Amino acid sequence: MPKPRVIYWFRTDLRLHDSPALKAALDLKPEFLYPIWTWDPHYVYRARVGVNRWQYLLDCQTDLSSSLSKLNPKSKLFVIREAPQTLFPKLFQAWKITHLVFEKDTDAYGRERDESVMKLAKDAGVQVVVKVGRTLYDPDELVKQNKGKPTMSISQVQAAGKKIGGIPRPIAAPKKLPDPGPVELGFEQEMPKKEPDVNAVQRAGEEGSYVALAGPKGDFSVPTMEELGLKEATTKHRGGETLALKALGEIIANEEYTATFEKPKTAPTAFEPQATTLLSPHLHFGSLSVREFYWRVQDVVDSYKGQASQPPTSLTGQLLFRDMYFGAQASLGYTFGQTFNNPTCRFIPWHLPSSISPTSGLATGSYLIDNAASEQHFQKWKHGMTGFPWIDALMRQLASEGWIHHLGRHAVACFLTRGGCYIDWERGAQVFEEWLLDHEAACNIGNWQWLSCTAFFAQFYRCYSPVAFPQKWDKHGDFVRRYVPELRGFDQKYIYEPWKAPVADQKRWGCRIVHVDGVEAEDGTYPKPMLDFNKRREVCLQGMKNAYHVGLYGNDPKVLDGSWRMLFDDGAEGPTEGSKGPPGAMVEHEDADGAEERHVPEPLSPKKAKKESAKSEKKAGTMPAAVKHKREAGQGTLDGLVTRKKKAKKEDEVAPNETHFG
DNA sequence: CCATATGTTGTCATG
DNA sequence: GCATGACAACATATG
């Protein structure tokens, strides 16, 4: 019986402390242990990853590699530049591998990837060992104990968790490491298909991910940003297990903070330092174990003499919410990330709905511009040019630093969706996916559904004001002054609504509030608000009320085939007009003719004619401005619609997930 | 089945 | 400055 030759495959667990999977690998007493990372084209080209998150990943890998080398100078993190689905069969053979060990991943793509790799291992006669360590509980077990249903409330998580039993205590980091064996590859590199490349925007130079299997120097080293052709990172936050453990240690050392932490009472306006732990990016990359975090906190809470806070507002409660979202995602797979065909997500006729591939039933990444004004709102929101300083400061902090406080995320998400723009939550989720350092697909998707009141939360009449809410935390507006420097000179009376300042004062304070068309303003100016918030809040509230009354969920046949339109008044907020639309909100027709036709006004049926006239009467009265020009705008965007369709089709060809529909 | 309380994180006017 | 209720109203948990 030959001694085991083991590959340890790092993915979402870039750490040595508390890794059940790494322990399992070492328990095999291998002759050789190969710690590897596969440079997966899915993340390079298909998933949205901004420069700051790339930098953070490289930080984690560099730190991990150096920790491995400290345990054994011959060892390190071997980065191999090929898709795992094609690499492994060749690697198994070249290195005479007997075992493959990794930590379980329940992300929709991760699960699909791991299933195919496990099949390849089986075919090659390689044993696979999988251990759970990414979450407090195994998400699949959580679902099983929740009657096989996605975990949609914190009490469900608590009840299911109780049935599962205790959360495992952390495992010590290894003290020594076996040698890696010979590392000759002796096989050809399979080049990935680059197009479509959703991360082209992240690059400044030649994309160099796949120059050679073992990298440009042939030494399997961790890539650099320059080598990958990426632009420079802008964030000050850095990754790696060493930093993660140091940060955790500092938090734990403050017993009072740790034991009495209540999330809703932490200030979203605090910066340098921020009011929360900023450990979420470390959790995302696995440079900090969530179970280690849990128990280090729980031990402080247990020994705390005063009144400790309780879940769900306490620190450990935050981790339970994370498990809740993982449970929902584990149960629903790809459809968790979209409205279409999602049984737990309410259907709302948002503006800018996602395009859906007719073959896979999954979101393509493109969207329909049903309304030019909404597209403008979206771009201004994304680039921090809405004219609402609180919103703009948050979006600029997000873009440059990759992190904003949880309540700040609430504010911008509510504003984009149900409390301002009435734009599809999937648009916002995509921006967060690109920019957040701590982007965790399950948590991001779940939180966007929460804030848009499409799942997890339903009290849509609780709406964040971009003026009143920040005032509760930061009367003087220090946060706005930091991230919207144009307004630094403004009196605190006007800091959240600068358009109300007298023109003389605006001049005196060095910034005029002017109408801005695009997402760039002239020096010495700041945009007027892009919408009348109080009016829009009313429009959104009515829209939500109406959509809730209609009561459709994403998997309703009427959503899937497009007949949902019959249930909405033509004048209702959103792309509701016309009785014959595409299936879903959203799905593009196969043929271009069909796609165009659906925006040509239909001859009115008697029933519709009646509605139409009633609407004209309404219009003459108090129809909100945004609704009034909807139709003109919709007609005006036909061109954009068709080009987008082409793009969507192209993306569809390479959709990695075609088998998941139905 | 019902009724009732509760839900991590709203706003505004009023006293 | 701070607590209170109205606003208009949803879903889930619990008895």
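Excluded from the calculations below are hydrogen atoms, water molecules and symmetry mates; all remaining heavy atoms, backbone and side chain alike, are included. Computed from a predicted model, the values in this text were never measured in an experiment.
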* Are there more than 12 heavy atoms of other residues, nucleotides or ligands under 6.0 Å from atom NZ of A/Lys163? -> yes
* Just wondering, do A/Phe321 and B/dT8 stack (centres under 5.5 Å, planes under 30°)? -> yes
* Name the closest nucleotide to the A/Tyr461 side chain, picking from B/dT9, C/dA9, B/dT11. => C/dA9
* To do: Considering only atom C1', compute the distance from B/dT8 to C/dA8 and round it to an integer number of Å.
  => 22 Å
* Structure fact -> In whole angstroms, the gap separating P of C/dT14 from CD1 of A/Ile154 amounts to 13 Å
* Asked: Could you state the NZ-P distance from A/Lys263 to B/dT9, rounded to the nearest angstrom?
  -> 12 Å
* Tell me whether the guanidinium CZ or amine NZ of A/Lys382 lies under 6.0 angstrom from the six-membered ring centre of A/Trp435 and within 45° of its axis. => yes
* Does B/dG7 have a Watson-Crick or wobble partner in any strand here, with both distances under 3.5 angstrom, and which is it? -> C/dC10
* Quick one: sort the A/Trp473 and A/Phe469 rings into parallel, tilted or perpendicular, breaks at 30° and 60°. => perpendicular
* Rounded distance (Å) that lies between atom C1' of C/dA9 and atom CE of A/Met544 -> 12 Å
* Structure fact -> Taken to the nearest whole Å, CZ/A/Phe456 to P/B/dT6 is 24 Å
* Structure fact -> From the list A/Val412, A/Val484, A/Leu416, A/Val480, side-chain contact (heavy atoms from CB on, under 4.5 Å) partner of A/Ile391 resolves to A/Val412
* Check whether any side-chain nitrogen or oxygen of A/Ser155 sits under 4.0 Å from OP1 or OP2 of C/dA13, and answer yes or no. => yes
* Asked: Hey, is the side chain of A/Arg462 poking within less than 4.0 Å of OP1 or OP2 on B/dT11, counting only N and O atoms?
  -> no
* Asked: NA contact type, A/Arg409, heavy-atom cut-off 4.0 Å: base, sugar-phosphate, or nothing?
  -> nothing
* Which listed nucleotide (C/dT12, B/dT8, C/dA9) is nearest to the side chain of A/Gln318? -> B/dT8
* For C/dA13 versus B/dC1, give the span between their C1' atoms, rounded off to a whole number of Å. => 15 Å
* Return the nearest nucleotide to the side chain of A/Tyr548; candidates are B/dT8, B/dT9, C/dC10. => C/dC10
* Counting only heavy atoms not in A/Gln379, do more than 12 fall under 6.0 Å of its CD? -> yes
* **Euclidean distance, atom CG of residue A/Leu451 to atom P of B/dG7 [Å, nearest integer]** => 19 Å
* A/Arg537 side chain: which of C/dA8, B/dT11, C/dA13 is closest? -> B/dT11
* To do: Could you work out the separation of C/dA9 and B/dG7 based on their P atoms and round it to a whole Å?
  => 23 Å
* Asked: Touch check for A/Trp473, heavy atoms < 4.0 angstrom, all strands: base, sugar-phosphate only, or nothing?
  -> nothing
* Would you say A/Lys236 has more than 12 foreign heavy atoms packed within less than 6.0 Å of its NZ? -> yes
* Asked: Once you round it to whole Å, what is the distance between P of C/dA13 and CZ of A/Phe457?
  -> 15 Å
* Asked: Would A/His17 and A/Ser289 count as having a side-chain donor-acceptor pair, cut-off 3.5 Å?
  -> no
* A/Tyr464 side-chain proximity, nearest of C/dA9, B/dT8, B/dT11 -> B/dT11
* Structure fact -> Among the nucleotides B/dT11, C/dA13, C/dC10, whichever has the atom closest to the side chain of A/Gln156 is C/dA13
* Toward the 5' end of DNA chain C, by each residue's nearest nucleotide, A/Lys545 or A/Met152 -> A/Lys545
* If pairing requires Watson-Crick or G-U wobble contacts with both distances under 3.5 Å, which nucleotide is the partner of C/dG5? -> B/dC12
* Length of the line joining A/Glu538:CD and B/dC12:C1', which is rounded to integer Å -> 13 Å
* Which value, in whole Å, describes the distance between the C1' atoms of nucleotides B/dA3 and C/dC7? -> 23 Å
* Select one nucleotide: of C/dA13, B/dT9, B/dT8, the one nearest the side-chain heavy atoms of A/Pro312. => B/dT8
* To do: Identify whether any heavy atom of A/Glu262 sits under 4.0 Å from a base atom; if not, whether one sits that close to sugar-phosphate; answer base, sugar-phosphate or nothing.
  => nothing
* Whole Å only: how far is the CD atom of A/Gln459 from the P atom of B/dT6? -> 14 Å
* Phosphate oxygens OP1/OP2 of B/dT11: is one of them under 4.0 Å from a side-chain N or O of A/Gln471? -> no
